[in-house]
Colleague: 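Dropping the structure in here first, questions after.
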Amino acid sequence: MVIILLVLLTLSSPVLTNPTPEPSWKSEMERELAPDGLLVRLDRLVNVCVANYEDLTTDLLLGIAIANAQLKTILKQPLQAQQRQFVESLAKKCDFVESRIESIFSFPSGANAVVSKLLIDSEFWQSKGDANVASPDLLGNIRSRRRRSQMLMDDPQVMMESYLEAIDAGGPSELQSDECLSELLVNESENEFNTTTNPKTGPPPPTAHRLILSRECSAAMSLRKRSYGYHLTHKLLFYIVLGRQRFANVDRSFVADGQRTLCEQILRESELIAGFDYPDLFRDLFMEQVFLCAFSDAPVMVEFTNPAWLAAIFSWQNGEGCFKYYADEGDGVVGPNALTTHCSTHMTGVGAALLGLFARLQMVGQ
């Protein structure tokens with residue numbers, strides 16, 4: 001069944017052309033995806049976090065820290081006075097929200113606590129690329145984008161069941177992901193990660209330290225082992241963090257190639273979810289897929305800046321400023337992953353990261 005799924009995921013249609021004038025929805029989409037509009041949306045989301053400061057979770061705090069990093073990168077660029085004032089105010093709110101991590105884990109011991117303490121830090125997530133890289137034009141080339149057809153499904157329900165079966169396959173698990181990220185961040189493990197150094201890049205900086213990774217994590221994060229769903233995005237997160245650590249024995253091209261390979265696999269799943277018209281069950285995962293691949297060091301695939309995808313994602317932000325996962329639905333009911341009745345913690349955290357990222361990509365670039 002999984003093999004059939006992967007075959008269908010590779011199907012695409014010929015490029016379609018549309019000589020007619022730009023439709024009216026394009027101007028509306030331009031407003032929705034403009035940097036200022038995204039920052040206003042982020043401000044509404046952060047206000048909910050400020051109001052619920054004592055109840056914030058690490059998932060939500062991580063998203064705020066990543067969004068805060070994008071804001072601080074934006075502030076390094078020339079801005080109009082009013083715009084700078086707004087971004088500075090928003091960054092200060094994010095600083096306040098981010099500070100909550102200091103009182104959640106006073107003495108971290110478990111892998112999750114270590115990862116949370118070290119990754120919930122906006123400085124870690126600030127852009128390390130060239131600020132002069134051209135920013136993506138989310139809408140300028142919309143007619144020339146490669147459009148993929150809806151999946152050719154004889155029975156959509158069978159395809160849905162196949163994908164639900166596939167996303168449970170592979171690794172790493174959530175626990176493995178935390179343990180392996182902690183090895184990257186504290187560098188206290190057993191065996192050297194086996195990578196090759198590219199002779200074209202020359203010797204590593206003398207201050208860089210070497211990565212030592214356990215056999216278990218080397219196996220769990222192997223690119224040769226196929227993963228699906230959250231297992232796949234967890235693996236990509238590992239390679240993103242690996243790239244930001246700049247280990248002496250890990251070549252940057254190896255990391256970028258790994259991220260590209262993973263995003264190519266993720267793209268097939270994202271297209272399938274879009275082909276299903278974004279079922280509630282997959283929205284949180286879809287948001288995570290789009291964010292991680294747009295944020296990665298690999299060249300950004302045009303599909304992950306698809307304005308239709310982004311417009312769909314941002315339309316899921318509710319009137320309270322949050323994103324709500326389907327499992328937390330219910331009138332007056334706070335689900336297991338909810339901050340409030342209107343706000344799911346993980347989904348809202350990913351939403352914050354996405355809003356900050358695409359505002360920054362348009363205003364600053366990579």
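All figures in this text were calculated on a predicted structure; none of them were measured in a lab.
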Colleague: With a 4.0 Å cut-off, would you call Glu54 and Arg100 a salt bridge?
Modeller: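 Between Arg100 and Glu54 there is a salt bridge, with a charged N closer than 4.0 Å to a carboxylate O.
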Colleague: For the residue pair Gln265 and Lys235, confirm or rule out a side-chain donor-acceptor distance under 3.5 Å.
Modeller: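 The criterion, which ignores hydrogens and geometry beyond distance, is not satisfied for Lys235 and Gln265.
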Colleague: Determine yes or no for a side-chain-to-main-chain donor-acceptor pair under 3.5 angstrom, with Arg84 supplying the side chain and Leu75 the backbone.
Modeller: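 Yes: the side chain of Arg84 pairs with the backbone of Leu75.
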Colleague: Keeping the roles fixed (side chain from Glu269, backbone from Gly229), state whether a donor-acceptor pair exists under 3.5 Å.
Modeller: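 Checked: pair present.
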Colleague: Is a side-chain N or O of Arg244 found less than 3.5 angstrom from the main chain of Gln126, in a donor-acceptor match?
Modeller: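 Yes; judged by distance alone, with no hydrogens or angles, the pair exists.
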Colleague: Would you check if the side chain of Ser296 reaches a backbone N or O of Cys293 as a donor-acceptor pair within less than 3.5 Å?
Modeller: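 Checking the backbone N and O of Cys293 against the side chain of Ser296, a donor-acceptor pair under 3.5 Å is found.
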Colleague: Looking at every heavy atom in both Gly351 and Phe323, which two are closest together, and how far apart are they?
Modeller: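 In terms of heavy atoms, the two residues are closest at CA-CE1, 3.7 Å.
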Colleague: Less than 6.0 Å separating the ring centroids of Phe291 and Phe295?
Modeller: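 Yes, the ring centres sit under 6.0 Å apart.
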Colleague: So does Lys92 pair up with Glu88, basic N to acidic O under 4.0 Å?
Modeller: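 Salt bridge flag = no for Glu88 with Lys92.
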Colleague: Anything under 30° is parallel, anything over 60° is perpendicular, the rest tilted; go ahead and classify Phe276 against Phe282.
Modeller: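 Answer is parallel, since the angle falls under 30°.
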Colleague: What residue pairs, at least two apart or across chains, pass ring-ring contact (aromatic ring centres under 6.0 Å, His included) with a residue in residues 54-99?
Modeller: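 Found Tyr53-Phe96.
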Colleague: So which heavy atom on Tyr230 is nearest to which on Leu285, and how close?
Modeller: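 Closest approach of Tyr230 to Leu285: OH-N, 3.2 Å.
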Colleague: Output a table of donor-acceptor pairs, distance under 3.5 Å, between side-chain atoms of residues 168-180 and any protein atom two or more places apart or on a different chain; print 'none' if there are none.
Modeller:
from	atom 1	to	atom 2	distance (Å)
Ser173	OG	Gln176	N	3.1
Gln176	OE1	Ser173	N	3.0
Asp178	OD2	Asn112	ND2	3.3

Colleague: Quick one: are Glu183 and Leu211 in side-chain contact, heavy atoms under 4.5 Å?
Modeller: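 Not touching, per the 4.5 Å side-chain cut-off.
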Colleague: Give a yes or no on whether the backbone of Ala81 and the side-chain of Gln85 come within a donor-acceptor separation of less than 3.5 Å.
Modeller: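 Checked: no pair found.
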Colleague: Are Glu320 and Thr340 close enough that a side-chain donor and a side-chain acceptor fall under 3.5 Å?
Modeller: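 No.
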Colleague: I'd like to know if Glu32 and Arg41 make a salt bridge, using a cut-off of under 4.0 Å between side-chain N and carboxylate O.
Modeller: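 Answer for the salt bridge query: yes.
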